[in-house]
Amino acid sequence: MENFDTRLDLTALTTSVDAIRAEIGKVIVGQQQTVDLLLTALLADGHVLIEGVPGVAKTLMAKLLAKTLSVGFSRIQFTPDLMPSDVLGTSVFQPKTGDFTFRQGPVFSNLVLIDEINRAPAKTQAALFEVMEERQVTNDGTTYTLANPFMVLATQNPIEQEGTYRLPEAQLDRFLFKIVIGYPVGDEEIAILRGHHQRRNLADALDAIDAVLTADQLASLRGQVHQVHVEDKLFDYIAQIVQATRANKSLYLGASPRASVALLNSAKALATLRGRDFITPEDVRELAPSVLRHRILLTPEREMEGGTADEVIAQLVQKVDVPR
């Protein structure tokens, strides 16, 4: 890593990030970009949607990240018959008092893993809107605030369509990143086989992961991310990239202002990950696909031509002048 003269002391942040990488690396082979994006989202206080075919360790990656944090963790398996109350909680009648008390659902935790999020119907999907954006649940006129930190890690399979429900744009927009996990490359698959052979079972591997960050320590690191310096020309650069999605002929739907904020916050977090207290155009360009790919919709014509969201994003970012 290059050395920079920083106004912020990022020693604790760098030490914590390296420790998390080392713990995850005990089990996961490769996937450095995915791990860095998860760490960026963690520091930027954002939710993450992880997409990939079955068997590429989407759920395992989320579990490992949770294990490195001394915070609450819950897992929700989304299914077609899942009701909003199964996620948020429900009012339970108490015969002794004659009153109803609210029984909190599994979403009341710090890190919530939602497995196969696109398998639940629209009404259950909608139950997550308030939770993900406002970090609270409203039941029978009473609002319950979720504990801090609160982060949703959701997985979905892009191939299987039977028994799935497409996530609404309003929910997709609440995810800071959409991370796409591909197949292992090169010798990574051989290393996966060796690691699997050496371990007795996955439970033992998870038990070997140590927690390296508490909730208070994470809050302190996030406070440093907020102090990262941003030059005026980079505000303009981020705005131009997001605005370009709204005027692109290949797109039916452009990105919202929430995308601009997401790109700014994640660029600040990535900068600290790289040991800097200022963001660069390269940070913005690197994160643009993860921030924008789930927030735009291609026109039917572009889809028929075989175009992808990532291709359009690469083209429009290339056209925006890089500030000097």
Side-chain angles (χ1 to χ4, degrees), residues 24 27-42 44 46-66 75-80 82 87 111-122 124-126 128-129 131-132 151-185 188-189 192 245 251-253 255-256 258-259 262-263 266 270 286-298 302-303 306-314:
I24 293 176
V27 180
I28 293 290
V29 176
Q31 301 288 3
Q32 291 304 311
Q33 184 182 23
T34 299
V35 173
D36 279 357
L37 286 172
L38 286 174
L39 291 170
T40 301
L42 181 68
H47 310 298
V48 177
L49 176 63
I50 307 173
E51 183 177 276
V53 298
V56 291
K58 302 185 298 295
T59 301
L60 178 59
M61 188 81 75
K63 281 184 173 182
L64 290 171
L65 179 63
R75 175 181 176 176
I76 312 171
Q77 183 70 48
F78 268 28
T79 57
L82 197 72
V87 178
L111 199 151
V112 179
L113 167 60
I114 300 178
D115 231 351
E116 297 192 84
I117 190 171
N118 56 339
R119 287 201 172 275
T124 306
Q125 299 283 3
L128 294 172
F129 288 4
V131 173
M132 293 178 65
M151 181 181 186
V152 172
L153 290 173
T155 70
Q156 72 174 11
N157 171 7
I159 304 300
E160 203 166 15
Q161 301 301 322
E162 187 174 345
T164 63
Y165 302 82
R166 190 180 183 280
L167 270 62
E169 277 67 36
Q171 183 174 354
L172 287 169
D173 202 29
R174 283 162 166 78
F175 285 103
L176 179 74
F177 291 153
K178 177 182 177 182
I179 302 175
V180 178
I181 298 183
Y183 291 115
V185 296
E188 289 178 354
E189 195 145 7
I192 291 170
T245 67
L251 298 179
Y252 171 73
L253 176 70
S256 72
R258 190 184 278 137
L263 200 47
S266 57
L270 182 64
E286 181 177 341
L287 293 170
S290 298
V291 171
L292 297 176
R293 62 166 61 105
H294 57 297
R295 291 181 159 98
I296 60 176
L297 284 178
L298 270 63
R302 187 60 188 265
E303 283 189 339
T308 66
D310 282 13
E311 288 173 353
V312 174
I313 292 166

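Not measured: the values here are computed from a predicted model.
- Every side-chain hydrogen bond (donor to acceptor under 3.5 Å, both in side chains) that Arg75 has, sequence neighbours left out, goes to Gln77, Asp115.
- In this structure, the side chain of Ser290 does not engage the main chain of Phe177 through any donor-acceptor pair within 3.5 Å.
- Every salt bridge (Lys or Arg N to Asp or Glu O under 4.0 Å) that Asp173 has, sequence neighbours left out, goes to Arg258, Arg295.
- Evaluation of the side-chain hydrogen bond (donor to acceptor under 3.5 Å, both in side chains) rule for Arg174 yields no partner, not counting sequence neighbours.
- Separating the CD1 atom in Ile24 from the CG atom in Leu60 is a distance of 9.5 Å, to the nearest 0.5 Å.
- Side-chain contact check for Ile28 versus Ile192: every heavy-atom pair is 4.5 Å or farther apart.
- Leu111 contributes atom CG, which lies 7.5 Å from atom CG of Leu42 (distance to the nearest 0.5 angstrom).
- Within the 3.5 Å criterion, the main-chain N or O of Ala255 finds a donor-acceptor partner in the side chain of Thr245.
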What's the verdict on side-chain contact (heavy atoms from CB on, under 4.5 Å) for Val48 and Met151, showing C-alpha distance, side-chain angles and the deciding distance?
-> CA-CA 8 Å; Val48 177; Met151 181 181 186; 3.9 Å; yes
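- In this structure, the separation between CG on Asn118 and CG on Leu167 is 6.5 Å, given to the nearest 0.5 Å.
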Check the pair Val112 / Val131 against side-chain contact (heavy atoms from CB on, under 4.5 Å), numbers first and verdict last.
-> CA-CA 11 Å; Val112 179; Val131 173; over 6 Å; no
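- Taking every heavy atom of both residues into account, Leu297 and Glu169 meet most closely at CD1-OE2, 3.7 Å.
- With respect to Leu113, the side-chain contact (heavy atoms from CB on, under 4.5 Å) criterion is satisfied by exactly one of Ile50, Thr59, Val152: Thr59.
- In this structure, Arg302 and Glu311 have side chains that are in contact, with non-hydrogen atoms separated by less than 4.5 Å.
- The heavy-atom pair separating Pro168 from Gln125 by the smallest distance is CD-CB, 4.3 Å.
- Checking side-chain atoms of His294 against main-chain N and O of Phe175 turns up a donor-acceptor pair under 3.5 Å.
- Residues passing the side-chain hydrogen bond (donor to acceptor under 3.5 Å, both in side chains) test with Glu51 are Gln156, Lys178, sequence neighbours excluded.
- The two residues Leu176 and Ala262 have their closest heavy-atom pair at CD1-CB, 3.5 Å.
- Considering only residues two or more places apart in sequence or on other chains, Glu188 meets the salt bridge (Lys or Arg N to Asp or Glu O under 4.0 Å) condition with none of them.
- The side-chain heavy atoms of Thr155 and Leu49, taken from C-beta on, include no pair separated by under 4.5 Å.
- No side-chain heavy atom of Val312 sits under 4.5 Å from any side-chain heavy atom of Leu292.
- Taking the side chain as every heavy atom from C-beta outward, Val87 and Leu82 approach each other to under 4.5 Å.
- Of all heavy-atom pairs spanning Pro80 and Pro121, the tightest one is O-CD, 3.4 Å.
- Between atom CG of residue Leu39 and atom OG1 of residue Thr34 there is a gap of 11.0 Å, rounded to the nearest 0.5 Å.
- In this structure, Ser266 has no side-chain hydrogen bond (donor to acceptor under 3.5 Å, both in side chains) partners at least two apart in sequence or on a different chain.
- Under a 3.5 Å cut-off, the side chain of Thr40 and the backbone N or O of Asp36 do form a donor-acceptor pair.
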Check against side-chain contact (heavy atoms from CB on, under 4.5 Å), Thr124 and Phe78 | CA-CA 9 Å; Thr124 306; Phe78 268 28; 4.3 Å; yes
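- Ile179 and Arg293 get closest at one heavy-atom pair: CA-NH1, 4.2 Å.
- The local environment of CZ in Phe129 is crowded, with over 12 non-hydrogen atoms from other residues, nucleotides or ligands closer than 6.0 Å.
- Residues Leu65 and Val35 have side chains not in contact (no heavy-atom distance under 4.5 Å, counting atoms from C-beta outward).
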